[in-house]
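Order of the sequence lines fixes the chain letters, A, B, ..., with proteins taken first and strands second; residue numbering starts at 1 for each chain.
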There are 2 protein chains.
Amino acid sequence: MPTPAEAEFLRLDRQICFSLHAASRAFNGVYRVLLKDLGLTYPQYLVMLVLWEHGELPVKTLGEHLRLDSGTLSPLLKRLEAAGYVQRERSAADERSVLVRLTETGTELRSRALRVPRRIAGATGFELEELRELRARLDRLTAALDEAARHLEE
Amino acid sequence: MPTPAEAEFLRLDRQICFSLHAASRAFNGVYRVLLKDLGLTYPQYLVMLVLWEHGELPVKTLGEHLRLDSGTLSPLLKRLEAAGYVQRERSAADERSVLVRLTETGTELRSRALRVPRRIAGATGFELEELRELRARLDRLTAALDEAARHLEE
DNA sequence: CGCAACTTAGTTGTGCACAATTGAATTGTA
DNA sequence: TACAATTCAATTGTGCACAACTAAGTTGCG
């Protein structure tokens, strides 16, 4: 009794999407260990990276960089504010917008974060070039999936 | 003033881990659309895949297949039970263990899930061979990261 | 100028991920 | 057999992701 093609897909498929899911959580696990000293979670670290690079930003722009919406960012930024790393202030120029900026403590945190990336890269056991290629492939995958999701919703 | 090497890493690193994070969420988005009809979330779908393949399993074993712990699975399985797709019953042979099995409704759901994988594979725009290769690479990445996390914690 | 449409952030609710703890039951060992 | 160690699930608490909705403010058009 041969396994039907669709059922075979069902198994293969689980392994593909599942691998991505697992890799994402595995990354998270390593970051959790490395960021504990800094008092940051991985998504909080991403926010800090963007702020270290770009300085003061409205929440909207921050979300565009990270592909996160305000429902995720609002409470996250409140926690970063409570930790003393950022300040939030409604823009004077456009009162719809809330500006996020680093505090002095938050700015200083950067120097302690500098050692994280190399340790992460080391943890993967991948060469830089291989990481670069993987990233390119994942970005292409993400773009295709986003496109597909848009079409499917209509 | 040249950018220090560590700072350069800081940017590159963000893009690598970030790509993975984004791809995982993008997959989630497509699954959300495709699974809405079945009344399943993506992690619930994973649980159903394992049950369709292996039949009745203790929660512990289910978690090993999916790399999820009981803190995640317990409430998830309660929701699947409330939806009428699974039953939970404490094992008679070993009363520490709770067995999860499909209900008739849950078993029948499989036929409606059969079309999902092909649509997902299509949404990626990747050839089957490319998906296979990506999966292998991600699995290797996950193994390395898990290994690193174990060492770092000590 | 005034109002409708839009933009933006916040809030609320659901669900997943995971750490830490609890409690119950089994197993191994003296 | 009795008890200590282990196993396992559940619970609790924190944080992220996202959808749906609210509220407030701005912009653009008539």
Side-chain angles (χ1 to χ4, degrees), chain A residues 17-18 20-33 35-36 39-47 57-64 66-83 88-100 142 146 149 153, chain B residues 17-18 20-33 35-36 39-47 57-64 66-83 88-100 142 146 149 153:
Chain A
C17 57
F18 177 69
L20 195 66
H21 204 68
S24 181
R25 282 182 293 142
F27 249 124
N28 229 301
V30 177
Y31 273 109
R32 185 174 305 117
V33 177
L35 294 175
K36 191 151 71 176
L40 295 174
T41 66
Y42 171 63
Q44 289 168 4
Y45 170 71
L46 289 183
V47 167
L57 287 176
V59 174
K60 171 74 171 185
T61 308
L62 195 54
E64 281 165 1
L66 299 171
R67 306 170 57 97
L68 292 173
D69 69 1
S70 69
T72 299
L73 286 175
S74 284
L76 188 156
L77 291 169
K78 280 182 188 171
R79 285 185 281 269
L80 283 181
E81 189 170 42
R88 294 178 305 145
E89 188 189 3
R90 198 161 283 273
S91 162
D94 179 351
E95 297 217 355
R96 287 170 302 184
S97 173
V98 167
L99 296 175
V100 184
T142 300
D146 282 349
E153 267 170 355
Chain B
C17 58
F18 177 70
L20 195 65
H21 204 68
S24 181
R25 282 183 293 143
F27 248 124
N28 229 301
V30 177
Y31 274 108
R32 197 190 329 276
V33 177
L35 295 175
K36 190 151 71 175
L40 295 174
T41 66
Y42 170 63
Q44 288 168 5
Y45 170 71
L46 289 183
V47 167
L57 286 177
V59 173
K60 172 75 171 184
T61 308
L62 195 54
E64 282 166 0
L66 299 171
R67 306 171 57 97
L68 292 172
D69 70 2
S70 69
T72 298
L73 286 176
S74 284
L76 188 157
L77 291 169
K78 279 183 188 169
R79 285 186 281 269
L80 283 181
E81 188 170 43
R88 294 178 304 145
E89 188 188 4
R90 197 162 284 273
S91 162
D94 179 350
E95 296 218 354
R96 288 170 301 183
S97 174
V98 167
L99 295 175
V100 184
T142 301
D146 283 350
E153 268 169 356

Donor-acceptor contacts under 3.5 Å from residues 21-29 of chain B side chains, at least two apart:
| residue | atom | partner | partner atom | Å |
| --- | --- | --- | --- | --- |
| B:Arg25 | NH1 | A:Arg67 | O | 2.7 |
| B:Arg25 | NH2 | A:Leu66 | O | 3.3 |

Sugar-phosphate only, base, or nothing, as touched by B:Thr41 at under 4.0 Å among non-hydrogen atoms: sugar-phosphate
Name all residues meeting the side-chain hydrogen bond (donor to acceptor under 3.5 Å, both in side chains) criterion together with A:Tyr42; count only those two or more places apart in sequence or in a different chain, and write none if there are none. none
Quick one: side-chain hydrogen bond (donor to acceptor under 3.5 Å, both in side chains) partners of A:Arg88, sequence neighbours excluded? A:Glu81
In terms of heavy-atom contacts, A:Leu68 and A:Leu73 come closest through O-CD1, 3.8 Å
Check side-chain contact (heavy atoms from CB on, under 4.5 Å) between A:Ser91 and all other residues, then give those that pass, not counting sequence neighbours. A:Ala93, A:Asp94, A:Ser97, A:Leu99
Once you round it to whole Å, what is the distance between C1' of D:dC18 and NZ of B:Lys36? 13 Å
Can you measure B:Gln44 atom CD to C:dA17 atom P for me and round it to whole angstrom units? 10 Å
Of A:Pro75 and A:Ala26, the one whose closest DNA chain C nucleotide lies more 5': A:Pro75
I need the minimum non-hydrogen distance between A:Val100 and A:Leu77, along with the two atoms involved. CG2-CD1, 3.9 Å
Of all residues at least two apart in sequence or in a different chain, which pass the side-chain hydrogen bond (donor to acceptor under 3.5 Å, both in side chains) check with B:Glu89? B:Arg101
Rounded to whole Å, CG of B:Leu46 lies from C1' of C:dA17 at a distance of 13 Å
Check whether any side-chain N or O of B:Arg32 sits under 4.0 Å from OP1 or OP2 of D:dA19, and answer yes or no. yes
Just the rounded figure in Å: distance from P of C:dC18 to OH of A:Tyr31. 16 Å
Rounded to whole angstrom units, what separation is found between the CZ atom of B:Arg25 and the P atom of D:dA17? 6 Å
Report, one pair per line, the protein and nucleotides 8-10 of chain C atoms (nitrogen or oxygen only) whose separation is under 3.5 Å.
| residue | atom | partner | partner atom | Å |
| --- | --- | --- | --- | --- |
| C:dA9 | OP1 | A:Lys60 | N | 3.1 |
| C:dA9 | OP2 | A:Lys60 | N | 3.3 |
| C:dG10 | OP1 | A:Arg88 | NH1 | 3.4 |
| C:dG10 | OP2 | A:Ser74 | OG | 2.7 |
| C:dG10 | N7 | A:Ser70 | OG | 3.2 |

Length of the line joining A:Leu80:CG and D:dT14:P, which is rounded to integer Å: 17 Å
I need the CZ-P distance between A:Phe18 and C:dA17, as an integer number of Å. 10 Å
Would you kindly give the CG-to-P distance between A:Leu76 and D:dT14, to the nearest whole Å? 16 Å
